A.B. asks: 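I'd like to ask some things about the structure below.
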Amino acid sequence: MDRTAWGYATHPQELVALVRFKSSVVLPEIPRDITPNTRYCYEKLQQTSRSFSTVILTLHPKLRDAIAVFYLVCRAIDTIEDDMKPKKEDKIPHLRTFHEKLYQPGWKLTGYGDVPHEIELLEKFDRVIDVFQTFPPEYQVVIADIAREMGNGMADFLEKTVDTLEDYDLYCYYVAGLVGEGLSRLFAASELEDKSFSTAKQLWNSMGLFLQKTNITRDYKEDVEAVHPRIFYPKAIWGKYVKRVQDLKEPQYKRQAIQCLNEMITNAMQHVPDCVDYLGKLHEPSVFNFCAIPQTMAIATLALCYNNYQVFQKEVKIRKGEAVHLILNSTNLSDVTPFRTFNPRLRFGLTPF
Ligand code: CA
């Protein structure tokens, strides 16, 4: 229903955006004058994330290669974390020592990953390491620091569950807040953004937590129905409504499920003021787009999820036209400031400012 003509009839600005996007925007190409290994990294990026590869390829050349490799390093660690087939005692050492491998030319790993492009990323990881080693030391240290902390944090959480709100924030810090840190430190090291970005922990952490909490909130059904379910809704929230987190998808608990969902959304929304603050401090246009687009998508996703029982019944995604409308309109701060750009569904009684 959402992606039919009716969807566009009720949201004509999205149809306009989609047409504008398809007719005028050429997807960015991989730069020509690069080494075969750098080209390989961009190709891998395109295979593993269409949306990230698009925003990364349009970044300022001073940052483009480093952020592409940073993405692949995080993705490789995440692939090991997500693969529930190997025994914990086999995969935990890989997570804890992954950062050391960045300094071991020729290192690669077989037997990890759930899909072909992830398996290949690890099987040919020596090619990513080769590119990493061409970076200036100030870039290398950022990527290696984040890999160390992320791998260790994920390893810790393989041995415990997300119970308290503190656990929830800590898990999200390891998997997403640290991405915000790495990006912010790379922005500062490139001198395209202010040096203060390298120490703005509260702000970069909020940028990551907001995105991660949005994904966790939206992905309940996918996570609970996975072959090896891993639930990231904190018990401190779902425990107020049901006895077992799996009960949220049972029809007799519909009312409780919606209340729980709305509390998850409220928890995510607490990070919005910091996100707006962070975006307001950026100067370089390509960096602004790179940061703002995922944030606007997340806000739109939460607006769609609010009070929406479908989160427990099917995959909930924003319409393609809406996504394109947001991409085309995420080029300056007044465009992305919540409650201004977004549709009326967002006015759900929260006052985040
Ligand atoms: Ca993961």
Side-chain angles (χ1 to χ4, degrees), residues 27-82 94-113 115-151 154 175-176 178-193 197-198 284 286-287 289-291:
L27 285 178
E29 284 182 14
I30 296 175
R32 286 162 199 273
D33 50 341
I34 54 176
T35 66
N37 281 336
T38 308
R39 171 165 294 277
Y40 169 81
C41 287
Y42 283 115
E43 286 167 358
K44 215 67 219 144
L45 185 66
Q46 287 183 327
Q47 289 164 11
T48 47
S49 177
R50 191 92 211 152
S51 51
F52 271 106
S53 68
T54 302
V55 280
I56 290 174
L57 279 167
T58 53
L59 271 170
H60 193 287
K62 272 173 108 174
L63 280 167
R64 200 174 47 206
D65 293 357
I67 289 181
V69 165
F70 179 50
Y71 177 85
L72 293 178
V73 167
C74 294
R75 184 65 185 242
I77 299 171
D78 189 50
T79 298
I80 300 173
E81 186 212 14
D82 286 348
H94 285 305
L95 289 170
R96 295 203 186 279
T97 62
F98 195 90
H99 62 106
E100 297 168 6
K101 308 306 188 321
L102 297 171
Y103 297 98
Q104 291 177 21
W107 182 86
K108 47 194 149 183
L109 180 64
T110 51
Y112 280 86
V115 288
H117 56 253
E118 287 180 341
I119 296 168
E120 194 195 63
L121 173 64
L122 284 161
E123 281 181 348
K124 296 185 180 171
F125 203 75
D126 54 322
R127 302 192 70 174
V128 182
I129 293 173
D130 282 348
V131 178
F132 171 83
Q133 302 220 327
T134 65
F135 293 157
E138 62 269 27
Y139 282 5
Q140 290 189 11
V141 72
V142 173
I143 297 171
D145 279 355
I146 302 305
R148 186 189 67 244
E149 224 185 322
M150 181 181 283
M154 285 177 175
V175 301
L178 284 170
V179 176
E181 171 175 349
L183 292 171
S184 304
R185 287 171 58 190
L186 290 171
F187 298 159
S190 73
E191 298 183 334
L192 292 170
E193 298 294 349
F197 271 94
S198 65
E284 217 290 311
S286 72
V287 173
N289 279 347
F290 174 78
C291 293

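Since we're looking at a predicted model, the values are computed, not measured.
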A.B. asks: Is there a donor-acceptor pair closer than 3.5 Å between any side-chain N or O of R127 and the backbone N or O of Y40?
C.D. replies: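 Flag not set: sc R127 to bb Y40 has no pair under 3.5 Å.
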A.B. asks: Please find the pair of heavy atoms, one from L95 and one from E81, that lie closest to each other, and give the distance.
C.D. replies: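 Looking at all heavy atoms of both residues, the shortest contact is CD2-N, 4.0 Å.
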A.B. asks: Measure the CG-CZ distance between L122 and R75 for me, rounded to the nearest 0.5 Å.
C.D. replies: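 It comes to 10.5 Å.
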A.B. asks: Got C74 and V175 here, is their nearest side-chain heavy-atom distance under 4.5 Å?
C.D. replies: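 C74 does not reach V175 side chain to side chain.
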A.B. asks: Between atom CG of D145 and atom CZ of R185, what is the distance when rounded to the nearest 0.5 Å?
C.D. replies: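 Answer for the CG-CZ pair, D145 versus R185, is 4.5 Å.
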A.B. asks: Among all residues two or more places apart in sequence or in another chain, which pass the ring pair (Phe, Tyr, Trp, His ring centres under 6.0 Å) test with F52?
C.D. replies: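 Scan of F52 (ring pair (Phe, Tyr, Trp, His ring centres under 6.0 Å), adjacent residues dropped) gives Y71.
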A.B. asks: Side chains of W107 and V128, heavy atoms from C-beta outward: is any pair under 4.5 Å?
C.D. replies: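 No, side chains not in contact.
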A.B. asks: About how many Å separate CD of E193 and SG of C291, when rounded to the nearest 0.5 Å?
C.D. replies: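 Going from the SG atom of C291 to the CD atom of E193 covers 7.5 Å.
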A.B. asks: Could you grab the distance from atom CG of D78 to atom CE of M150, nearest 0.5 Å is fine?
C.D. replies: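 Answer rounded to 0.5 Å: 8.0 Å.
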A.B. asks: Is any side-chain heavy atom of F187 closer than 4.5 Å to one of I67?
C.D. replies: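 Side chain of I67 against side chain of F187, heavy atoms only: contact under 4.5 Å found.
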A.B. asks: What pair of heavy atoms forms the shortest contact from P31 to R39, and how long is it?
C.D. replies: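 Minimum heavy-atom separation between P31 and R39: O-NH2, 3.1 Å.
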A.B. asks: Within a strict 4.5 Å, meaning less than it, do heavy atoms of the S190 and E284 side chains meet?
C.D. replies: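 No, every pair of side-chain atoms sits at 4.5 Å or beyond.
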A.B. asks: For T48, does its backbone N or O pair with a side-chain atom of E118 as donor and acceptor, under 3.5 Å?
C.D. replies: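 Pair absent, no side-chain N/O of E118 close to backbone of T48.
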A.B. asks: Roughly how far apart are L186 CG and E138 CD, rounded to 0.5 Å?
C.D. replies: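 The CG atom of L186 sits 10.0 Å away from the CD atom of E138.
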A.B. asks: Are Q47 and E120 close enough that some pair of their side-chain heavy atoms sits under 4.5 Å apart?
C.D. replies: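 Side-chain contact under 4.5 Å: yes.
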A.B. asks: Are E181 and I146 packed together at the side-chain level, in the sense that at least one heavy-atom pair is separated by less than 4.5 angstrom?
C.D. replies: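 The answer is yes, as the side chains (C-beta and beyond) meet within the 4.5 Å cut-off.
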A.B. asks: Test Y112 against L121 for side-chain contact (heavy atoms from CB on, under 4.5 Å), laying out the working first.
C.D. replies: CA-CA 10 Å; Y112 280 86; L121 173 64; over 6 Å; no
A.B. asks: Taking the side chain as every heavy atom from C-beta outward, state whether F125 and V73 have any atom pair closer than 4.5 Å.
C.D. replies: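 Contact flag for F125/V73 side chains = yes.
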A.B. asks: Going by salt bridge (charged side-chain N to carboxylate O under 4.0 Å, His left out), name the pairs with one or both residues in residues 97-113, residues two or more places apart or in two chains.
C.D. replies: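 Residue pairs passing salt bridge (charged side-chain N to carboxylate O under 4.0 Å, His left out), neighbours aside: K108-D126.
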A.B. asks: Can you find a pair of side-chain heavy atoms, one from C41 and one from L45, that are under 4.5 Å apart?
C.D. replies: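 No. Closest side-chain heavy atoms not under 4.5 Å.
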A.B. asks: Could you tell me whether F135 and F70 have their ring centroids closer than 6.0 angstrom?
C.D. replies: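 Between F135 and F70, the centre distance exceeds or equals 6.0 Å.
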A.B. asks: So, does R148 use its side chain to make a donor-acceptor pair with the main chain of I143 at under 3.5 Å?
C.D. replies: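 Checked: no pair found.
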A.B. asks: Minimum heavy-atom separation for I77 to G151, with atom names?
C.D. replies: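 Result for this residue pair: CG2-CA, 4.0 Å.
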A.B. asks: Quick one: does any side-chain atom of Y103 pair with a main-chain N or O of Q133 as donor and acceptor, under 3.5 Å?
C.D. replies: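 Pair absent, no side-chain N/O of Y103 close to backbone of Q133.
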A.B. asks: Looking at V131 and T38, what are the two nearest heavy atoms and their distance?
C.D. replies: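 Closest pair (atom of V131, atom of T38, distance): CG2-N, 3.6 Å.
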A.B. asks: Hey, what do you get for CZ (R64) to CZ (F290), rounding to the nearest 0.5 Å?
C.D. replies: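 Here the rounded value is 13.0 Å.
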